[in-house]
Amino acid sequence: MQFTINSLDTNSKARTGTIKTAHGEIPTPIFMPVGTVGSVKGINPRELEQDINAKIILGNTYHLYLRPGLEVIEAAGGLHKFISWDRPILTDSGGYQVFSLAENRKLKPEGAHFRSHIDGSKHFFSPENVMDIQRVIGADIIMAFDECPPGTATYDYAKKSLDLTENWLDRCIKRFDETEPLYNYEQTLFPIVQGCVYPDLRRRAAEFVATKNRDGYAIGGLSVGEPAEVMYQMVEVVNDILPIEKPRYLMGVGTPDNILEAIDRGVDMFDCVMPTRNGRNGMLFTSEGIINIRNKRWSNDFSPIDPQGASFVDQRFTKAYLRHLFISKEMLGPQLASIHNLGFYLWLVGEARRRIEDGTFKGWKDQLVKKLVVRL
RNA sequence: GGGGAGAUACCAAAGUGGCCAACUGGGGCAGACUGUAAAUCUGCUGGCGUACGCCUUCGUAGGUUCGAAUCCUGCUCUCCCCA
């Protein structure tokens, strides 16, 4: 994997760049739709390519390992072939499930013992087997196996957790470097910076991963319950240390204004379930602000879903019709909302790239952030 | 014409003397959601008040009772069966 910086903003830490992978190029800053189980929920891959123009999507090691299982994925020739997606894929390691499925797992130095959320069966994830699993899945970018502590973690816990994550990272790197890809194209491993909301732990974590000389680095353990301002501070602390010539990936973030503020602070990659999950639940991110399409106020609003919208659904369908679909529980409603929201997110990062390159990013960002509050 | 059953909030439907402003479901209204155990979950849904609370409700008009959605009588309406 190669990363080249195309331009640096003079008024902020923002930059544009290009990531080259075996499955194509990714312009940065970029937003990556989440397709946990090998499907961006509700979205046809053709829509993802043509209407949304997603450059890369995510899969999840934990979910794909449980279902359909590695045998099926390997027999299919890897995840790209299995899900018919020829552009880049990034897989998360399952570290986030250590957090979100906390009641079903036990953490030990050697790894995490899990119970499947599907059938309760017992499983074990270690840094080593998570690397092996991600080799089988075959994503272009794979993530280190980490612990993602909650935003409310105490300093003591955060420190112990970071010790564990750093130990696991070394084991991930060792295993990754001594194994080969299964499908004749390059894979790369991104370490993850942890450290909760504690600047000294974040500094230590960033310095630790920076010595590993990988193709890119991730910032994890944010947007997990801490205030947005704290998240921005942590991003600043970490990005001051991470090598400037490597891409930075802020995991699981976030709202459109979170993304803009992080781009401002030098982040290049984002993923989040928000556009799809919240979209399925009726929340629309539009150029006019954030709205709940289920609200009665839209019942007779025959204006386009988003008059300034980038995706074809924005001009073609009205707010009143989309509301009707949601109220009627028609599956088309969540599908259209997901296409719209992902279209908006991809438009957002595309516009950010354009603004960074022509030097108007800062002013544009400040104005848009003000607009991106929930309309009352 | 004769016999029977029933009328409860937006709809459906429990309740058959005090624990009832009234179970439950639907509908309606609003909220939550950040590396997806989510096309999920939560709250409200007679009026006024942040709230203790107060006021008006169970077809309708009366009555019995300390107390009625619940018991009695008249009336109105609906449904079913027979002719």
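Convention: sequence-line order gives letters A, B, ...; per-chain numbering from 1. These values consider heavy atoms only, across backbone and side chains, with no hydrogens, waters or symmetry-generated copies.
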For R115(A), which residues count as a salt bridge (Lys or Arg N to Asp or Glu O under 4.0 Å) partner, sequence neighbours excluded?
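For R115(A), no residue satisfies salt bridge (Lys or Arg N to Asp or Glu O under 4.0 Å) once neighbours in sequence are set aside.
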Not counting sequence neighbours, which residues clear side chain to side chain donor-acceptor pair (under 3.5 Å) with N167(A)? List them please.
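In terms of side chain to side chain donor-acceptor pair (under 3.5 Å), with neighbours along the sequence ignored, N167(A) is linked to R171(A).
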Residues in side chain to side chain donor-acceptor pair (under 3.5 Å) contact with K362(A), at least two apart in sequence or another chain:
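If we apply the side chain to side chain donor-acceptor pair (under 3.5 Å) test to K362(A), skipping adjacent residues, the hits are D264(A).
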Would you call D163(A) and R204(A) a salt bridge, taking side-chain N to carboxylate O under 4.0 Å as the test?
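Looking at D163(A) and R204(A), the cut-off is met.
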Side-chain ion pair, E357(A) and R15(A), N-O less than 4.0 Å
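Judged by the 4.0 Å cut-off on N to carboxylate O distance, E357(A) and R15(A) do not form a salt bridge.
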Donor-acceptor pairs under 3.5 angstrom involving side-chain atoms of residues 272-282 of chain A: please list them, not counting sequence neighbours.
{"from": "T276(A)", "atom 1": "OG1", "to": "V273(A)", "atom 2": "O", "distance (Å)": "3.0"}
{"from": "N281(A)", "atom 1": "ND2", "to": "R277(A)", "atom 2": "O", "distance (Å)": "3.3"}

On a whole-Å scale, what distance lies between the P atoms belonging to rG3(B) and rC75(B)?
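The answer is 14 Å between these two P atoms.
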Taking the six-membered ring of Y232(A) (Phe, Tyr or Trp), confirm whether the NZ or CZ of R265(A) is under 6.0 Å from its centre and within 45° of its axis.
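Yes - R265(A) lies over the ring of Y232(A), closer than 6.0 Å to its centre and within 45° of its axis.
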Would one find a side-chain N or O of R277(A) under 4.0 angstrom from OP1 or OP2 of rA39(B)?
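Result: no.
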Does S100(A) make a side-chain N or O approach to OP1 or OP2 of rA37(B) shorter than 4.0 Å?
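So the side chain of S100(A) is within the cut-off, an N or O lying under 4.0 Å from OP1 or OP2 of rA37(B).
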Contact string for nucleotides 24-30 of chain B, one letter per nucleotide 5' to 3', B = base within protein heavy-atom range under 4.0 Å, S = sugar-phosphate only, - = neither, reads ---SSSS
When Watson-Crick pairs (N1 to N3 and N6-O4 or O6-N4) and G-U wobble pairs (N1-O2 and O6-N3) count only below 3.5 Å on both distances, what is the dot-bracket string of RNA chain B, with | for other-strand pairs?
((((((((.[[[..)..(.....]]]((((((.......))))))(((....)))...[[[[[..)....]]]]]))))))).
Closer than 3.5 angstrom, by distance alone: can the side chain of T165(A) be matched with the main-chain N or O of E147(A) as a donor-acceptor pair?
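Yes, because the side chain of T165(A) sits within donor-acceptor range (under 3.5 Å) of the backbone of E147(A).
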